[in-house]
Amino acid sequence: MATTSSIRLGGGEAVARPPLVRELLLVAGLFLVYKLGRQAANGQVGDAFANARGVWGLERALHLPGEGVVQRVVLHSDALVHLANTYYATVHFPATAAFLVWMYLRRPAHYVWIRRVLTVLTVSALALHILMPLAPPRMLAETGLIDTAAVYGPSVYGPPATDTLANQYAAMPSLHVGWALAVAIGLIAATRGRWRWLWLLHPLVTLLVVVGTANHYWLDGIVAAALLGVALLVIRAPIRTNRPLRPSTTTCRD
């Protein structure tokens with residue numbers, strides 16, 4: 001009897017591609033909740049700067065390398081700093097969206113798994129943004145760092161006092177890093193090529209960019225990775241099994 005490879009979630013249920021309209025609504029809803037939640041955390045400027053000084057001091061106590069080491073490399077040439085600013089401004093959302101579209105079309109079981117992981121990561125990050133507002137290092141004079149986007153461009157932020165489109169006091173955790181790492185792990189899990197581990201370059205470059213542009217501290221990326229690790233422990237990845245080839249009538253249960 002012919003056999004085919006089947007993808008099942010950790011609980012054992014086979015997964016078909018979920019309805020497209022429902023998925024679009026789920027992803028759009030998650031994005032809307034995230035944006036509204038970040039806005040709800042606005043206005044805590046004093047706490048944000050107090051927390052920033054605490055994070056900066058903790059990093060020094062832990063003997064983490066200074067963020068300035070990365071920024072000096074970024075500032076080595078105008079081309080490099082423009083590239084870093086452009087990467088920060090343009091790669092985050094499009095790369096994650098393209099990843100989700102590819103997973104939905106080509107790896108539906110992995111798509112359901114990683115969408116759940118991203119949901120848990122994003123919601124937990126939002127809770128931390130609200131509970132612990134944090135000014136980024138580009139705003140903290142003690143760091144000696146400059147706002148590379150404001151000085152060299154392009155910038156996605158306006159002056160904090162008048163910028164109503166983004167909450168600039170939500171540095172921890174860095175969802176740039178968290179989402180990039182989730183994308184890399186998802187692609188590594190969903191593909192078989194021996195070069196798939198190179199996807200880890202995406203979160204590595206993202207970490208260096210967010211630190212070098214002074215948008216995040218090292219600890220912002222570390223906390224994002226920790227939250228993602230918890231989500232991955234709670235939500236089991238799909239497993240591949242071999243089963244007899246037969247029509248499947250199982251639909252995705254979420």
Side-chain angles (χ1 to χ4, degrees), residues 34 37-38 41 44 47-74 84-85 87-88 91-93 95-96 99 114 116-140 142-145 147-149 166-189 197-235 237:
Y34 169 66
R38 282 173 63 97
Q44 305 180 59
D47 290 342
F49 277 94
N51 291 333
R53 294 184 184 94
V55 168
W56 183 253
L58 178 59
E59 286 192 343
R60 307 291 74 80
L62 295 174
H63 302 290
L64 294 179
E67 286 83 351
V69 174
V70 182
Q71 185 165 93
R72 284 193 291 273
V73 174
V74 170
N85 291 335
Y87 188 99
Y88 179 84
V91 172
H92 178 47
F93 283 110
T96 306
F99 161 72
I114 203 66
R116 291 171 178 170
V117 169
L118 282 171
T119 299
V120 171
L121 170 63
T122 303
V123 171
S124 59
L126 175 58
L128 193 53
H129 290 161
I130 294 173
L131 293 173
M132 184 183 169
L134 182 68
R138 58 187 166 83
M139 294 184 183
L140 190 64
E142 289 93 321
T143 66
L145 302 172
D147 185 342
T148 60
N167 176 15
Q168 298 188 46
Y169 302 109
M172 181 180 288
S174 168
L175 279 179
H176 275 72
V177 173
W179 286 9
L181 186 56
V183 167
I185 291 173
L187 288 169
I188 290 170
W197 296 99
L198 290 177
W199 288 114
L200 290 172
L201 290 174
H202 176 42
L204 175 60
V205 171
T206 300
L207 175 62
L208 294 176
V209 164
V210 301
V211 169
T213 57
N215 282 289
H216 287 284
Y217 306 89
W218 291 115
L219 283 176
D220 298 339
I222 293 171
V223 170
L227 291 176
L228 177 60
V230 172
L232 291 170
L233 286 174
V234 172
I235 305 169

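Keep in mind it's a predicted model, so treat the numbers as computed, not measured.
- Using a 4.5 Å heavy-atom threshold, the side chains of L58 and L219 count as touching.
- Residues L228 and I185 are in side-chain contact: their nearest non-hydrogen atoms beyond the backbone lie under 4.5 Å apart.
- Distance check: I235 CD1 to L118 CG gives 9.0 Å after rounding to the nearest 0.5 Å.
- Residues P133 and M172 have side chains not in contact (no heavy-atom distance under 4.5 Å, counting atoms from C-beta outward).
- When side chains are defined from C-beta on, T143 does not count as touching E67, because their heavy atoms never get closer than 4.5 Å.
- The structure places CG of L181 at 8.0 Å from CG of L232, a figure rounded to the nearest 0.5 Å.
- Listed by first then second residue, pairs satisfying side chain to side chain donor-acceptor pair (under 3.5 Å) with a partner in residues 217-229 read H216-D220, not counting sequence neighbours.
- Shortest non-hydrogen contact noted between V74 and G212 is CG2-CA, 4.0 Å.
- Shortest non-hydrogen contact noted between A182 and I114 is O-CD1, 3.8 Å.
- Using a 4.5 Å heavy-atom threshold, the side chains of R138 and Q168 count as touching.
- Rounding to the nearest 0.5 Å gives a distance of 12.0 Å between CG of L187 and CG of L198.
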Donor-acceptor pairs under 3.5 Å, side chain of residues 200-209 to any protein atom, not counting sequence neighbours: which ones?
unit_1 : atom_1 : unit_2 : atom_2 : d
H202   : ND1    : Y87    : OH     : 3.0
T206   : OG1    : Y87    : OH     : 3.2
T206   : OG1    : H202   : O      : 2.8

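- Heavy-atom minimum distance, L145 versus A214: CB-CB, 4.0 Å.
- Judged by distance alone, with hydrogens and angles left aside, the side-chain atoms of T122 form no donor-acceptor pair with the main-chain N or O of T119 at under 3.5 Å.
- With values rounded to the nearest 0.5 angstrom, Y88 atom OH is found 3.5 Å from N215 atom CG.
- Summarising the geometry of A224 relative to L121, their closest heavy-atom pair is O-CD1, 3.9 Å, with the distance given to 0.1 Å.
- Residues W199 and V183 are not in side-chain contact: their nearest non-hydrogen atoms beyond the backbone lie 4.5 Å or more apart.
- Between the side chain of N51 and the main chain of L134, no donor-acceptor pair closer than 3.5 Å is present.
- Side chain of H129 to main chain of A171: no donor-acceptor pair is present (N/O by atom type, distance under 3.5 Å, no hydrogens or angles).
- In terms of heavy-atom proximity, L175 sits nearest to H92 at O-CE1, 3.3 Å.
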